[in-house]
Amino acid sequence: MKSSTADFYDRVYNVVAEIPYGKVTSYGAIAGYLGVKSGARMVGYALNNYQTEELGFEIPAHRVLNRLGQLTGRAYFEGDSMRERLTQEGVTFSEEYTVDMEKHFWDPSILDN
DNA sequence: GCCTTGACGTTAG
DNA sequence: ACTAACGCCAAGG
């Protein structure tokens, strides 16, 4: 099978779409799950590309944070919609723009189980 | 076709 | 413990 970049993006969207309500994960976790350990930046790039392309179904990109739980992509959302959505889902913040991922972290690996 | 930038992560100082 | 730099891969200029 041929591994193209579009494939990688598609898998990113698929994984992100599986993130449960009130849970969050990191770019690195997704990249690692997809087998591209050093592709954390590509995950974020994929999400950015998704917003512009818009494939037809929405994905909870606001539940994807960096490994520190910081909402690094909040600038790409309207105002504080990212933080507001997470708060609305019951996600707690250790700081204004830092999620307490110790309690809400979701590991993509559970998809294999 | 080369150089810069970027929703990250790890290692070195 | 904190800050700086490098590595990673893809896209745009």
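First the proteins, then the strands, lettered A, B, ... as listed; each starts at 1. For clarity, every value in this text was computed on a predicted model and none was experimentally measured.
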field: Exercise: identify the closest heavy-atom pair between A:L68 and A:M101
entry: C-SD, 3.6 Å

- prompt: Do A:F105 and A:K23 have side-chain heavy atoms sitting under 4.5 Å apart?
  reply: no

Interatomic distance where CG belongs to A:L65 and P belongs to B:dC8 [whole Å]: 11 Å

- prompt: Aromatic rings A:H62 and A:F77: how do their planes relate, parallel, tilted or perpendicular, breaks at 30° and 60°?
  reply: perpendicular

- prompt: According to a 4.5 Å side-chain heavy-atom criterion applied to Ile, Leu, Val, Met, Phe, Trp and Tyr, with indirect links allowed, do A:I110 and A:V64 form part of one hydrophobic cluster?
  reply: yes

- prompt: Whole-Å distance between B:dG6 C1' and A:R74 CZ?
  reply: 16 Å

query: Looking only at atom types and distance, does a side-chain atom of A:D80 sit under 3.5 Å from a main-chain N or O of A:E84, one as donor and one as acceptor?
result: no

- request: Take atom CE of A:M101 and atom C1' of B:dC8, then tell me their distance rounded to the nearest Å.
  value: 12 Å

task: May I ask you to check if A:R67 and A:Y27 form a cation-pi contact, with NZ or CZ under 6.0 angstrom from the six-membered ring centre and within 45° of the axis?
output: no

- request: Let me know which of A:I19, A:L65, A:V16 forms a side chain to side chain contact (heavy atoms under 4.5 Å, CB included) with A:T25.
  value: A:I19

I'd like a list of close polar pairs between nucleotides 2-5 of chain B and the protein, N/O only, cut-off under 3.5 Å.
none

Tabulate protein N/O versus nucleotide N/O from nucleotides 7-9 of chain C, keeping only pairs under 3.5 Å, one per line.
unit_1 : atom_1 : unit_2 : atom_2 : d
C:dG7  : O6     : A:R41  : NH1    : 3.2
C:dC8  : N3     : A:R41  : NH1    : 3.3

Look for any protein N or O under 3.5 Å of an N or O in nucleotides 10-13 of chain B and output each such pair with its distance, or none.
unit_1 : atom_1 : unit_2 : atom_2 : d
B:dT10 : OP2    : A:R67  : NE     : 3.2

field: A:L86/A:V99 under side chain to side chain contact (heavy atoms under 4.5 Å, CB included): CA gap, chis, key distance, verdict
entry: CA-CA 9 Å; A:L86 291 172; A:V99 174; 4.0 Å; yes

- prompt: Rounded to the nearest 0.5 Å, what separation is found between the OG atom of A:S26 and the CH2 atom of A:W106?
  reply: 11.0 Å

- prompt: Contact class for A:Y9 vs. all strands (heavy atom < 4.0 Å): base, sugar-phosphate, or nothing?
  reply: sugar-phosphate

query: Would A:H104 and A:E89 satisfy side-chain hydrogen bond (donor to acceptor under 3.5 Å, both in side chains), going step by step from the backbone distance to the final call?
result: CA-CA 11 Å; A:H104 302 285; A:E89 295 181 1; over 6 Å; no

